[in-house]
Structure formats: C-alpha cells, structure tokens
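Each chain gets a letter, A, B and so on, in the order its sequence line appears, and its residues count up from 1.
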Amino acid sequence: MPIELTNVSYTYLKGTPVARLGLRDVDLHIGDGEWIAVMGPTGSGKSTLLQHLNGLLKPDAGTVLIDNFNIHASAKILRETRQKVGLVFQYPEHQLFSSTVWKEICYGPENFGFSGSDVETAVKKAMETVGLEFTRYKDCSPTELSGGEKRRVALAGVLAANPRFIVLDEPTAGMDYSGIQRIVEAVRRLNRDRGVTVVWVTHDITEVVDLADRLLVLNSGRVEAVGATREILADPRLAALGLDVPIAVTVADGLRKKGKPLAGYPVTIDEIKQEIVNLLR
Amino acid sequence: MSDFIEIENLSFWYKAENAETPILKDINLSIKRGEFVAVVGPNGCGKSTLIRHLNGLLIPRRGRVVVDGLDTGMENNLPFIRRKVGMVFQNPDTQLFASVVEEDVAFGLENMCLPQFQIRDRVDEALARVGMSEYRDYPPHRLSGGQKQKAAIAGILAMRPECVILDEPTSMLDPRGKREVMEAVRALNTCQQMTVIYVTHDMTEALYCDRLVALVEGQTVFTGLPGEFFMSPEHLCRAGLRPPAIKELVRALIDAGIEVPTGINSPEELVGAICR
C-alpha cells in the first residue's frame with residue numbers, strides 16, 4: 001500500500017499536566033490515485049492526522065509507512081517523504097514570504113534539488129494547474145493578489161515539488177464560490193489526469209461529493225467511520241456529531257421517515273431532485 | 001423604524017494613484033434601527049472595506065456616512081460613533097488576549113473608566129446575552145472556536161452598542177461553531193432588537209436576514225429580500241454567487257415542473273410540502 005497507518009496514536013505535550021489526545025489507534029490505508037475526504041468536529045484530530053502523513057509529527061505508537069518504508073526509519077527516507085507528500089496547511093496564504101510569485105513557487109523545487117531548467121518547467125506546470133497564467137503572474141508580489149489568488153499561489157508552491165500525494169487541510173475555508181471551484185478543479189485535474197493521491201479535509205463535503213472515493217470521519221482522535229463516500233454520508237452518526245451533511249441526505253432521510261419510498265441514497269441536488277420527481281409522478 | 005446608518009454616494013480608494021479605480025463606487029444604502037442586514041459578494045468585492053466605514057475605521061474619500069446623525073468624517077464624532085457601533089472580526093484567535101474570559105469582556109469597559117460595580121454588572125449581562133455565563137472563568141484557549149467568537153461578541157456587547165457589525169464571524173469555525181454563533185446573533189436581533197450587519201460567504205446564513213446587500217467590484221448589485229435574491233438566477237449570476245443548497249433544490253424542483261412554494265427555507269419545510 002502507498003500509505004499505510006497502523007495503530008497510530010499521538011498525544012500533544014505527552015507526560016505534562018496539559019497533555020491532550022491527538023490520535024488514538026488510527027488504522028488507515030490509502031491506495032494510489034485515491035481521493036479520500038476527511039471530516040470531523042474541531043479537535044477531532046484531522047490536522048494531527050495530516051501532519052503524520054509527511055512526518056511533521058512522529059507517532060507515539062504505531063507506524064506510518066509510505067511506499068512500504070517507515071517514514072521515520074532514517075533522515076533520508078523522511079526527506080524523500082516530504083517531497084512525495086505535499087502538505088497544504090490551513091490558510092496557506094498566510095505563509096507566503098517571497099517578493100514575487102515566481103520566487104515563492106520556486107522555493108520547494110529548488111530546495112529539493114531540481115536543476116535550473118527543471119525548476120522552470122515545474123513552476124510553469126504548477127501555475128497552469130492552479131489556473132495562474134505564467135507571464136501575467138510570475139513577477140507579481142503575492143501581497144498585491146486577492147485572497148483566492150494567494151491561496152492558489154500557495155497551492156502551486158506545494159505542487160511544484162511534483163508530489164505523488166497531496167494532503168490539504170480545509171483548502172476552501174473562507175473562500176467564495178468561484179474560489180472554491182478553482183481549487184477543486186485544480187486538484188481534480190491532478191487526481192484525474194496525473195493520478196495524484198488526494199487527502200482532502202473539509203467541513204463541507206458537498207464540494208467534493210462526486211470526487212471523493214472514500215470518506216473518513218474522525219471523532220475525538222479516533223476513526224468513527226470510513227468507507228465509500230455515499231454510504232458514510234447516509235449514516236445518521238454524522239449529523240449526531242454536529243457535522244454538515246448534504247441537503248440531499250437530510251431531505252431523503254426526512255422523506256423516508258414519512259414513509260415515502262426512495263430508490264437510492266441521493267447525495268447531490270440533482271439526485272434528490274430526481275427522487276422527488278419520481279415520487280410525485 | 002428610522003434610519004440608523006445612512007451611506008450617501010460613498011466612494012473609497014486606499015492610495016491616491018488608485019483614485020480612478022476605487023474599491024467602493026458610489027454606494028447608497030440606509031440601514032434602519034433593529035434591522036438584520038447581510039452583506040454578501042465574492043472575495044475582494046469590497047465587503048470588508050464597506051463595513052469599516054460604518055464605525056469610522058475608514059473615512060469616505062467621496063460621499064459620506066452618517067451614524068445616528070453623526071458624520072464619520074468629523075473626527076470629534078468618532079468616539080461617540082464607535083460606542084454606538086461595535087465590530088467583531090473573522091478570526092477568534094486574534095480578538096481575545098486576556099487570561100480569562102471575563103477579563104477579556106471587561107477590557108473595553110476598563111478603558112471607559114467605569115466604576116468596578118458597573119463593570120461587573122455589564123460583564124455579567126454581556127456574557128448572559130450570548131449564553132456564555134458558565135465560561136466566565138475559562139482561559140480563552142480552552143474554548144471552542146464558536147465559544148471564542150461568542151466571547152468576542154460579549155466583549156462588544158459590554159460596551160452597550162446600538163449596532164453590531166460582524167465580518168465573516170463563522171468562516172473559521174466548524175459547522176457546530178457556526179450554528180452556535182449564528183443562533184446567538186439571531187437572538188440578539190430578534191429578542192433584543194439589536195441592529196446587526198453581517199458579512200458572510202455562507203449563503204445559508206444569509207437566508208435569515210431582513211435585507212440582503214450584494215456587492216460586486218465595489219458596487220451594490222442587489223438590495224432586497226434574501227428570498228427574492230436567491231430565487232433569481234439572474235441576480236445570482238450577476239453577483240457570482242451560489243444560492244443556499246435548499247434554494248438550489250427548490251429552484252431545480254420548480255424547473256422540473258414540481259409545485260413547491262418558493263418561500264421554503266429549510267429541508268424540514270420541503271419534506272412537509274412534498275408530503276402534504
């Protein structure tokens with residue numbers, strides 16, 4: 001398996017009076033080219049999980065294997081892991097630091113030892129993926145860009161190192177509709193055209209309901225549920241955790257409770273519309 | 001209801017060399033006492049710039065803003081205006097700084113040099129108004145995002161403003177935190193007649209306002225009832241916004257020839273209408 005977490009546990013500030021549970025006994029296998037969405041209330045361990053995937057955190061117990069290597073086995077493997085697994089933090093635009101978009105996006109590939117011409121190719125490709133036109137944006141200062149553009153620059157900075165896995169921590173938080181569409185589209189292209197594996201943390205599953213193969217639900221540092229996105233969304237435990245489920249699921253659930261027969265488990269607006277149309281005809 | 005805030009021909013630009021391409025262009029808007037106004041629009045459309053004019057954090061380059069009869073362009077008016085209009089920002093972590101919640105809520109009052117017993121009363125009252133009384137002794141870092149944001153709102157309420165402006169107060173919160181903050185804000189408006197101006201990207205939140213203002217590139221493209229805005233593909237397209245999921249579904253059903261009332265605002269109402 002490309003990504004394999006076995007019995008991973010992690011406690012923040014372990015051994016101190018303010019120790020706080022991060023993860024407990026997490027088992028998770030992620031296949032090549034898979035898109036997995038992660039949901040859970042605040043403090044459920046979503047960000048902690050992501051930081052284990054590229055070795056920013058080291059589990060107290062259990063193992064993290066990437067391509068069958070324990071990522072903490074040696075400094076060399078850890079370094080390779082950091083290049084293989086691109087991590088996009090929450091509000092990544094807060095971490096932009098270079099004077100131009102070009103320098104910002106070069107930073108990753110240069111540090112991973114790409115040669116001069118490879119750097120340029122990587123930057124151009126990354127900018128194209130996120131929908132930033134190279135000649136128009138390369139010399140801009142990140143500070144003069146809009147919030148949505150800044151976030152795409154930050155995403156391009158991670159993509160330029162050419163990762164095989166990309167893990168994103170609430171990549172659409174605080175964005176408007178068109179900004180969300182652009183980010184989703186960029187990641188969709190990476191996943192569908194280049195087979196990049198995606199781990200996508202979100203509070204709004206509707207944005208990737210058609211794209212995510214599986215959904216992982218975390219609660220208090222444990223895996224509450226994991227499985228095919230549709231099946232997990234139909235699980236009433238989600239709403240009980242205070243998570244937002246798609247409106248199609250809420251309406252379908254309400255109709256079933258009123259004794260209305262539905263053919264399937266709709267998750268999109270189109271699907272629930274069709275169910276209602278069939279019901280009333 | 002009388003007009004509490006009047007915005008007349010407001011234009012604004014940050015740097016003089018950008019005067020030709022202002023961030024806000026000729027905005028006219030009045031807000032009545034007790035109204036709940038939502039401000040929506042794409043990133044960079046000028047929402048935050050607009051609301052910063054309403055308590056004099058920014059002063060119009062052209063036109064004027066009058067709050068309860070006081071022009072924000074006159075510096076002597078600003079202390080009075082800022083007591084009338086309080087502001088809550090997006091990030092709960094950058095607004096709280098004291099070691100316990102009640103100290104944080106008391107901060108503004110201490111600056112007003114009120115006697116101790118009055119501060120006590122006002123802090124208690126403000127915490128009660130957002131349902132945070134039991135957390136008075138908590139350090140802010142022990143609170144959830146929603147609770148932090150409600151503590152920040154209490155800090156504003158303690159100053160007894162007549163109007164509260166909230167700039168995307170829920171965009172960094174999880175769904176539970178969003179609901180908590182939204183419910184507290186709605187209660188302030190409906191039960192306590194507070195004037196509320198609410199900037200948001202979450203269209204489901206905007207459904208509950210009295211009046212919706214949509215901005216695009218610094219201009220108002222719609223001012224009116226949220227139901228009207230969200231059921232009009234033309235308005236939505238112009239503003240580049242997606243309606244709340246419930247409105248999108250109602251629209252899709254109507255387009256498919258199903259008769260459902262356009263005023264439906266929740267999944268429960270929709271299920272009720274279908275099963276009737």
Heavy-atom donor-acceptor pairs under 3.5 Å, chain B with chain A:
unit_1	atom_1	unit_2	atom_2	d
B:Asn43	N	A:Asp176	OD2	2.5
B:Asn43	OD1	A:Asp176	N	3.0
B:Asp174	OD2	A:Thr42	N	2.9
B:Asp174	OD2	A:Thr42	OG1	2.9
B:Arg176	NH2	A:Leu241	O	3.3
B:Arg179	NH1	A:Asp244	OD1	3.2
B:Arg179	NH2	A:Gly242	O	2.9
B:Ala256	O	A:Arg281	NH2	3.4

Side chain, backbone, both or neither: which part of A:Ile269 has an atom under 4.5 Å from a heavy atom of chain B? both

Which region of B:Leu249, side chain (C-beta onward) or backbone (N, CA, C, O), has a non-hydrogen atom less than 4.5 Å from a non-hydrogen atom of chain A, or is it both or neither? both

By side-chain contact (heavy atoms from CB on, under 4.5 Å) - contacts of B:Ala98 (at least two apart): B:Glu103, B:Asp104

Options B:Gly272, B:Ala252, B:Gly177, B:Gly257, ranked by heavy-atom pairs under 4.5 Å with chain A, top entry: B:Ala252

Considering only heavy atoms, which portion of B:Ile274 lies under 4.5 Å from any heavy atom of chain A: side chain, backbone, both, or neither? both

Top residue by heavy-atom pair count (under 4.5 Å) with chain B, among A:Leu243, A:Leu279, A:Ile247? A:Ile247

Applying a strict 4.5 Å limit to non-hydrogen atoms, the region of A:Leu255 in contact with chain B is both

